[in-house]
Engineer: 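Before I ask anything, let me first share the structure, which is written out below as structure tokens.
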There are 2 protein chains.
Amino acid sequence: MSAVTIKEVAQLAGVSPSTVSRVISNNPKISSTTRKRVREAMIQLDYHPNIMAKSLVSKSTQTIGLVLPYSSDNLFINPFFSEVLRGMLAYANNKNYDLLLSSARNQSEELEAINRMVLGRRVDGVVLMSPNRDDRIVEKLMEYNFPFVLLGRSLEYPEVLSVNNDNIKASFDLTNFLLSQGHHKIGIVTGKPELVVSIDRLQGFKNALQKAGCVLNPDWIISAEMLEQNGYHTISMVMNAEDSPTAILVIDDVIAISLIRELVEAGFQIPRDISIVGFNNIYMSEMSNPPITTVDVGIYQLGYQTVQHLIRKLSGKEQNLPTQVIVPHRLIIRESTK
Amino acid sequence: MSAVTIKEVAQLAGVSPSTVSRVISNNPKISSTTRKRVREAMIQLDYHPNIMAKSLVSKSTQTIGLVLPYSSDNLFINPFFSEVLRGMLAYANNKNYDLLLSSARNQSEELEAINRMVLGRRVDGVVLMSPNRDDRIVEKLMEYNFPFVLLGRSLEYPEVLSVNNDNIKASFDLTNFLLSQGHHKIGIVTGKPELVVSIDRLQGFKNALQKAGCVLNPDWIISAEMLEQNGYHTISMVMNAEDSPTAILVIDDVIAISLIRELVEAGFQIPRDISIVGFNNIYMSEMSNPPITTVDVGIYQLGYQTVQHLIRKLSGKEQNLPTQVIVPHRLIIRESTK
DNA sequence: ACCCCCAGTGCAAACGTTTTCACTACTATA
DNA sequence: TATAGTAGTGAAAACGTTTGCACTGGGGGT
């Protein structure tokens, strides 16, 4: 394990450590001859700077922290997550930043992780994923005045930098599509009520129905949790009632896929008996049988732009950065609807 | 942004910085009264140690690096990845380690990432995912004598610490299952030939056929790439020949799902017309239509044990650690086979 | 009464950088 | 020829820890 330091490079090149440091940081005051000599010494010794030492004095770690929300087990199952991570890594690594991951099983672990990262000066900035409705972490970071960005949006603090879809509009558009296909009895499978994204998508759905003058039958609001726990019973309850919806909007493609499976197993045909639409457009949405009509939220872009704006904020150069970045969505019409 | 250091704590508690440091590291030589006084000061000031400074002198970062193979875009699409990550994070965070991620678009970027991490002393150890057949990174880390663990195995250096399935056996078992169901005309969709896991699974498949005295028709060996590029043509080529397989073993559940879709679209029924089996048992394998017969490789465990053994190695306490850890697999029989 | 030992604590060096300041040796100007 | 400016470099302090070593004082053994 080589442990060559700046001093050894300096010695070999016959200069002082300061000069080597300046060569590394491309300080223009160094003459091209010394610059060349130092460069050669660096290569010859296979020198790589010790980031810890560098960070200690420069107070910048070239690392951004990603804190996964607690109870994120579902998140991992969802391919949404890896795709968003891919986008984040793409931008970050391109700018020579690395990503530091922490997960947590509960709120106190989450705070602990944040403290390790932020107070331990281990990261320059933090990405918060799909924050909950009341988010103590957001408050804490604001209090510390520590740079962070939300993937999603905060209800309580709309002024913080966030990258998000216009989920209300997306849901509105998707519902309108169903309406335009002649459906006016539409149900919905909702996500966790503490997530802002669930709230927004439900809102857009309601907005569209209201605008179209449709009534929403309360029996047709199914929570994803209920679906998961009761499975078939939930479905039969809805579908075998005297009055049943002709289409269901599902908060997330993964859930839509499993709903479709339940329905098919129960003997329904899709979209003949009922139309199903989802959200996100993950890879599997196209592979599903039938392929799902959904709204593409630009998952990769969501991740990419999140760290893009964070890094911009960190550089501190540009003024008047936007505070609310919206990644556009678009409808993807496939065979799960008619 | 609080920036309280050990000195301020020391001052408040009326002791020297060294004493505070010893309290932090639970040095038993500190009297319980001072210990208590220091603890209180720490809490009062909301002190958190600066990890950079700590790492600089102690030469330990409490971080392990995860280097994603280049051309890993497919990897991200595959839910396998997030599940393995979940396992890694679970163990790591539990031991107060964090995960540092780097991806790369090509081999030189990959080396660069490794250098940043390893030579920059940013991590204590490294996890290498599904290494390629000839792996320069493995060589490099061995040369540096830097602690690392393979998720998968190395053909050239079987002596390095690795956590893996017995993929040959898994494939053997899966093929045997098909044989036991009466299939003796079995095709295979193979993965990237440079991946060890592809090689192993192909080997196990061949072993089983040979043991059963079956011949493998070369036309029935389809590469995943070909499948992806030609789609329907590949299928029709195989299925509409005068001699066609009655079952296909697919190297990966994600590919199996998309193959099933192609087949269904082409008018085949599964498993009536042809049986399909996959590998890994991702979440979607059960949601597929029909649900896929596969082999559960314990994805979460793979990730969990990988960092478990790495951290054990780092602690350096235990001697004679195993060098080859095998995570058991098990057959999951579902409705894609008959 | 003497010495020794040990528990408990502080001092100061070290980790590998960056950066301010000062210095040298030119070059250009008057 | 003297003066000032400048390009290029080095010395040293600083970042916030850990840790080897030295010191103090009180208790036990002779």
Side-chain angles (χ1 to χ4, degrees), chain A residues 1-39 41-42 45-63 115-124, chain B residues 1-39 41-42 45-63 115-124:
Chain A
M1 182 65 201
S2 77
V4 24
T5 75
I6 215 171
K7 287 184 189 166
E8 306 173 39
V9 176
Q11 195 167 19
L12 179 60
V15 297
S16 75
S18 343
T19 302
V20 178
S21 172
R22 283 189 259 256
V23 169
I24 293 170
S25 57
N26 282 319
N27 187 318
K29 303 210 122 191
I30 299 295
S31 75
S32 51
T33 57
T34 14
R35 183 182 302 278
K36 192 174 164 218
R37 205 142 35 87
V38 170
R39 285 256 164 78
M42 288 186 359
L45 296 178
D46 193 23
Y47 169 77
H48 289 264
N50 182 319
I51 316 255
M52 296 300 155
K54 182 179 194 152
S55 305
L56 183 57
V57 28
S58 70
K59 284 161 179 355
S60 123
T61 61
Q62 293 286 107
T63 306
N115 282 339
R116 272 215 311 269
M117 282 191 176
V118 174
L119 271 3
R121 325 290 185 301
R122 222 161 146 69
V123 296
D124 296 345
Chain B
M1 182 65 201
S2 77
V4 23
T5 74
I6 216 171
K7 288 183 189 166
E8 307 173 41
V9 177
Q11 197 166 20
L12 179 61
V15 296
S16 75
S18 346
T19 303
V20 177
S21 173
R22 284 188 257 257
V23 169
I24 292 170
S25 56
N26 281 319
N27 186 317
K29 302 209 124 192
I30 301 294
S31 75
S32 50
T33 57
T34 14
R35 182 181 304 276
K36 191 174 166 220
R37 206 141 34 86
V38 170
R39 286 255 164 78
M42 289 185 359
L45 296 178
D46 195 21
Y47 169 78
H48 289 265
N50 182 320
I51 316 256
M52 296 300 155
K54 181 179 194 152
S55 304
L56 183 58
V57 26
S58 70
K59 284 158 178 357
S60 125
T61 61
Q62 294 287 105
T63 306
N115 282 339
R116 272 215 313 270
M117 281 191 177
V118 174
L119 271 3
R121 326 289 184 304
R122 222 160 145 70
V123 297
D124 296 345

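Below, chains carry the letters A, B, ... as their sequence lines are ordered, and counting in each starts from 1.
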Engineer: Would you classify A:I30 as touching base, sugar-phosphate or nothing, given that sugar-phosphate means primed atoms plus P, OP1 and OP2, and contacts are heavy atoms under 4.0 Å?
Structural biologist: sugar-phosphate

Engineer: Within the 4.0 Å heavy-atom criterion, would you say A:S25 contacts the bases, only the backbone, or no part of the nucleic acid?
Structural biologist: nothing

Engineer: For B:S55, report the nucleic acid contact type (base, sugar-phosphate, nothing); a contact means any heavy atom under 4.0 Å.
Structural biologist: nothing

Engineer: Grab the CZ-P distance between A:R37 and D:dG8 for me, whole Å please.
Structural biologist: 13 Å

Engineer: Can you tell me if B:K59 touches the phosphate of C:dG16, counting only side-chain N or O atoms and a distance under 4.0 Å to OP1 or OP2?
Structural biologist: yes

Engineer: When you measure from the side chain of B:S21 to the backbone N and O of B:P17, does any donor-acceptor pair fall under 3.5 Å?
Structural biologist: no

Engineer: Please write out the pairs of protein N or O atoms and N or O atoms of nucleotides 20-22 of chain D separated by less than 3.5 Å, giving the distance to one decimal.
Structural biologist:
none

Engineer: Please report the distance, rounded to the nearest Å, between CG in A:N27 and P in C:dT19.
Structural biologist: 10 Å

Engineer: So does B:N27 get a backbone contact from the side chain of B:R35, meaning a donor-acceptor N/O pair under 3.5 Å?
Structural biologist: yes

Engineer: Side chain of B:A53, heavy atoms from C-beta onward: which of D:dG8, D:dT17, D:dA11 has the nearest atom to it?
Structural biologist: D:dT17

Engineer: Tell me the closest heavy-atom pair linking A:D124 and A:K59, and the distance in Å.
Structural biologist: OD1-O, 4.4 Å

Engineer: Roughly how far, to the nearest 0.5 Å, is the NE2 atom of B:H48 from the CD1 atom of B:I24?
Structural biologist: 11.0 Å

Engineer: So, do A:V38 and A:I30 sit near enough that their side-chain heavy atoms are less than 4.5 Å apart?
Structural biologist: no

Engineer: Measuring only between side-chain heavy atoms, which start at C-beta, is A:T61 closer than 4.5 Å to A:I51?
Structural biologist: no

Engineer: DNA chain C: A:N50 or B:S31, which has the more 5' nearest nucleotide?
Structural biologist: B:S31

Engineer: To the nearest 0.5 Å, what is the distance between CZ (B:R22) and OG (B:S16)?
Structural biologist: 6.5 Å

Engineer: Which part of the nucleic acid, if any, lies within reach of B:T19 when heavy atoms closer than 4.0 Å are counted: base, sugar-phosphate only, or nothing?
Structural biologist: sugar-phosphate

Engineer: Tell me: CD of B:E8 to P of D:dC15, nearest whole Å?
Structural biologist: 11 Å

Engineer: Using whole Å, what does the distance between atom P of nucleotide C:dT17 and atom CE of A:M42 come to?
Structural biologist: 11 Å

Engineer: Once you apply a heavy-atom cut-off of 4.0 Å, does B:S21 come out as touching a base, just sugar-phosphate, or nothing?
Structural biologist: base

Engineer: Please state how far atom NZ in A:K7 lies from atom C1' in D:dA11, giving the value in whole angstrom units.
Structural biologist: 13 Å

Engineer: Tell me: CD of B:Q62 to P of D:dT17, nearest whole Å?
Structural biologist: 16 Å

Engineer: Side-chain N or O of B:T5 versus OP1/OP2 of D:dG16: is the shortest distance under 4.0 Å?
Structural biologist: no

Engineer: Find the distance A:K54:NZ to C:dC15:P and express it as a whole number of Å.
Structural biologist: 20 Å

Engineer: Please tell me which of B:T33 and A:V57 maps to the more 5' nucleotide of DNA chain C, matching each residue to the nucleotide holding its nearest heavy atom.
Structural biologist: B:T33

Engineer: It should be established whether B:Y47 places a side-chain nitrogen or oxygen under 4.0 Å from OP1 or OP2 of nucleotide D:dG16.
Structural biologist: no

Engineer: Separation of B:K29 atom NZ from C:dT9 atom P, in whole Å?
Structural biologist: 11 Å

Engineer: Please check if atom CD in B:E8 has more than 12 non-hydrogen atoms from other residues, nucleotides or ligands closer than 6.0 Å.
Structural biologist: yes

